[in-house]
Structure formats: C-alpha cells, structure tokens
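Have a look at the structure below before the remarks.
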Amino acid sequence: HGVVGRGASVMFHLDRYKPAFEITSHENGDLVSGRIDLAGVVSDLNGIAALSYSSDNGETFEDLQFRGNKQALSVEFSVRIDTTELEDGPQVYRIRGRDRTGSEDQTAFLLFVDNKPPEISILYPTEDQSVNGVFTVSGMTNDDVGLSQLTWTIGKDEPVDIPISPGDPYWIQEFDFTGQTEADITFTLTDKAGNSVGQRLKLALAADEDLPEVTIVYPEAGGRAEID
C-alpha cells in the first residue's frame, strides 16, 4: 500500500555500567590503629548522584558528602574512622554509590583493627643492679600482629635501631658509657599497626670498675727483692 507512518523518537539514558570504586588510602586487609581516613574515588559515565557507607555489614547506611564537581564523572570521598571505638579484629566497611540514572552498586573493604600496644621488657640489667660503663642490655618483645621496629634513644638524640628477628622475642644491645656515672636510655617498640610503647632504663654506673687495675706479683709485699 505504500503508506508511510509518522516517525517517533524516544530519548533514553544508556547505562550499561554501574558505579566503580577505588580505595586510595589503604590496601584491602590493612592493619589500622587510631584515627584514620578511609578515602577513595567513585566513577560512573553517568555521574554520581549519591554516596553512603555502612559499618554494620550493610544493615544500615549513612550518607557521605563527596568532594568536587557533583556533575563530574568521578568524585572523591572519605570516611573518618576511630579504631579506639571498635573491637580488635576484622572490620568490614561497605561503600554504596548511585549514578544519576538510578543504577546502584557497592563494594566491601576489609580492615584489621589492632588497638593493643606491643609489650617490651628488660631482662638485664635491672635498675637495682650495678654495672660498669660498658654493658649489654637484653630484653623481650611481644605483639599479637607482629613488630616493625625497636629503637633506643638517649635524651633528644635521634633514635637508633635495634635488630629484631621475626619469631625471636629476644633482643640485645651493647652500650658504652665509659667515664659516666649514670645511664638513662629509652627503648621504643612499634608494631605493624603503628602502636608503640616505651620503656625507660635508668642505671647508676660503677665508674671505678672502668679503671685499669695493676697487680704486683713480685716482690710480694714485705718481701725482699734479689738483684743479680
């Protein structure tokens, strides 16, 4: 019949992809302690309309204010976390995003909270023991998640590393305070989550024990010496 119908057009938004997430401040499974900012970027070709996060495995969500141009295809976000308000162990945070066409997606991010400081003890010498100017300090360390550094300092000097080995709780360090009457040393132990603890050792030194000794073996006191 050759009859041509009226043309029609329909406008629609093509949305083949959901929002994509990238956490930039931490690695998945990181150890954390104290106040931190979990930060990242959410991207979508249709722009981002809303962001929220959940700290109770998705049961409830709180709105997130994101930075930058709200018409941009990528926006930055940040979640302030105070680990002292959380129990030690795994904590999962969910970030949810919705683009301007209504498509929604979320990502889960795992953090391990460690609020417990490491432990350090000095085995020898104790503060009631007498040592001379050259002495060796020995001690033990302990932490549930692993240690990153042990240092010693005197006054305001720069910290000096003490070697520690994974799986070996014992450590030793030699000191030379020759000619001094007192030693005041601070040891600082830091774990992999950034928790640290200090231990101060203050010793009274037996300076006389550093002096050389001379012993006369011949002639004996009160004896007679023969001269050839």
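Partner of Arg35 under the side chain to side chain contact (heavy atoms under 4.5 Å, CB included) criterion, chosen from Thr83, Ile81, Asp82, Thr84: Asp82.
The CD atom of Gln91 sits 13.5 Å away from the CZ atom of Phe109 when rounded to the nearest 0.5 Å. Rounded to the nearest 0.5 Å, atoms CD1 (Ile95) and CD1 (Ile23) are 5.5 Å apart. Separation of atoms OH (Tyr170) and CG (Leu123) is listed at 7.0 Å; rounding is to 0.5 Å. Distance CG/Asn132 to CD/Gln180: 12.5 Å, rounded to 0.5 Å. How far CZ of Arg96 is from CG of Asp105: 11.0 Å, rounded to the nearest 0.5 Å. Gln199 contributes atom CD, which lies 10.0 Å from atom OG1 of Thr188 (distance to the nearest 0.5 angstrom).
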Discussion item. Before you tell me yes or no, could you show the steps for Arg94 and Tyr53 under side chain to side chain contact (heavy atoms under 4.5 Å, CB included), namely the whole-Å CA-CA distance, both residues' side-chain angles and the distance that decides it to 0.1 Å?
Written reply: CA-CA 5 Å; Arg94 293 183 178 274; Tyr53 78 97; over 6 Å; no
Worksheet entry | Worked verdict on Asp56 versus Thr60 for side-chain hydrogen bond (donor to acceptor under 3.5 Å, both in side chains) | CA-CA 7 Å; Asp56 56 10; Thr60 61; 2.5 Å; yes
Item to complete: Go through the steps to decide whether Tyr124 and Gln129 satisfy the test side chain to side chain contact (heavy atoms under 4.5 Å, CB included), and finish with yes or no.
Response: CA-CA 9 Å; Tyr124 176 85; Gln129 289 178 306; 3.3 Å; yes
Fill in: Derivation and outcome, side chain to side chain contact (heavy atoms under 4.5 Å, CB included), residues Ile185 and Thr153
CA-CA 6 Å; Ile185 311 166; Thr153 54; over 6 Å; no
Worksheet entry | salt bridge (charged side-chain N to carboxylate O under 4.0 Å, His left out) between Lys116 and Asp88, intermediate numbers included | CA-CA 8 Å; Lys116 183 181 178 182; Asp88 281 15; over 6 Å; no
Worksheet item: Is there a side-chain hydrogen bond (donor to acceptor under 3.5 Å, both in side chains) between Ser43 and Ser74 once you walk through the steps?
Response: CA-CA 4 Å; Ser43 305; Ser74 296; 2.7 Å; yes
Worksheet item: Can you check side chain to side chain contact (heavy atoms under 4.5 Å, CB included) on Lys192 and Leu147, steps first, answer last?
Response: CA-CA 5 Å; Lys192 291 183 177 180; Leu147 301 170; over 6 Å; no
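Between Arg100 and Ala72, the shortest heavy-atom distance links the atoms NH1-O, 4.3 Å. Nearest heavy atom pair, residue Leu203 against residue Pro125, reads CD1-CG, 3.6 Å. When all heavy atoms are compared, the tightest approach of Pro118 to Val197 is O-CG1, 3.2 Å. Here the shortest heavy-atom pairing between Val41 and Phe77 reads N-CE2, 3.5 Å. The two residues Ser25 and Ala39 make their nearest non-hydrogen contact at OG-N, 2.8 Å. Closest approach of Phe112 and Gly29 over heavy atoms only: CD1-O, 3.4 Å.
Atom CD1 of Ile154 sits in a crowded spot, with more than 12 heavy atoms from other residues, nucleotides or ligands closer than 6.0 Å. Counting heavy-atom neighbours within 6.0 Å of Glu182 CD, excluding the residue itself, gives a total above 12. Taking a 6.0 Å sphere around CG of Leu86, one finds it holds more than 12 heavy atoms contributed by other residues, nucleotides or ligands. Atom CD of Glu127 is surrounded by more than 12 heavy atoms from other residues, nucleotides or ligands within 6.0 Å.
Using modelled atom types, one finds no donor on one side chain facing an acceptor on the other under 3.5 Å when comparing Asp63 with Ser52. Of the N and O atoms on the side chains of Ser33 and Asp114, not one donor lies less than 3.5 Å from an acceptor on the other residue.
With salt bridges taken as basic N to acidic carboxylate O contacts below 4.0 Å, none links Asp44 and Lys18.
Residues Ile120 and Leu150 form a side-chain contact, since some pair of their non-hydrogen atoms from C-beta on lies under 4.5 Å apart. At a threshold of 4.5 Å between non-hydrogen side-chain atoms, the residues Thr151 and Phe187 do not count as touching. Using a 4.5 Å heavy-atom cutoff, the side chains of Leu45 and Asp99 are not in contact. The shortest side-chain heavy-atom distance between Leu38 and His26 falls under the 4.5 Å cut-off. Two residues are said to be in side-chain contact when any heavy atoms from C-beta on lie closer than 4.5 Å; Trp152 and Asp161 fail this criterion. Counting heavy atoms from C-beta outward, Thr141 and Trp171 have side chains that approach closer than 4.5 Å. Annotation: side chain of Val42 is in contact with side chain of Leu51 (closest heavy-atom distance under 4.5 Å). Asn195 places none of its side-chain heavy atoms less than 4.5 Å from the side chain of Thr190.
The closest donor-acceptor contact from the side chain of Asp30 to the backbone of Glu27 lies under 3.5 Å. Between the side chain of Ser148 and the backbone N or O of Asp191 there is at least one donor-acceptor pair closer than 3.5 Å. Panel note: side chain Ser55, backbone Tyr93; no donor-acceptor pair is recorded below 3.5 Å.
Linking ILVMFWY side-chain heavy atoms closer than 4.5 Å, directly or via other members, places Val160 and Phe177 in a single hydrophobic cluster. Each of Val92 and Ile36 belongs to its own hydrophobic cluster when Ile, Leu, Val, Met, Phe, Trp and Tyr are linked at side-chain heavy-atom distances under 4.5 angstrom. Hydrophobic clustering keeps Leu111 apart from Phe61 (ILVMFWY residues linked when any side-chain heavy atoms are closer than 4.5 Å, directly or through intermediates).
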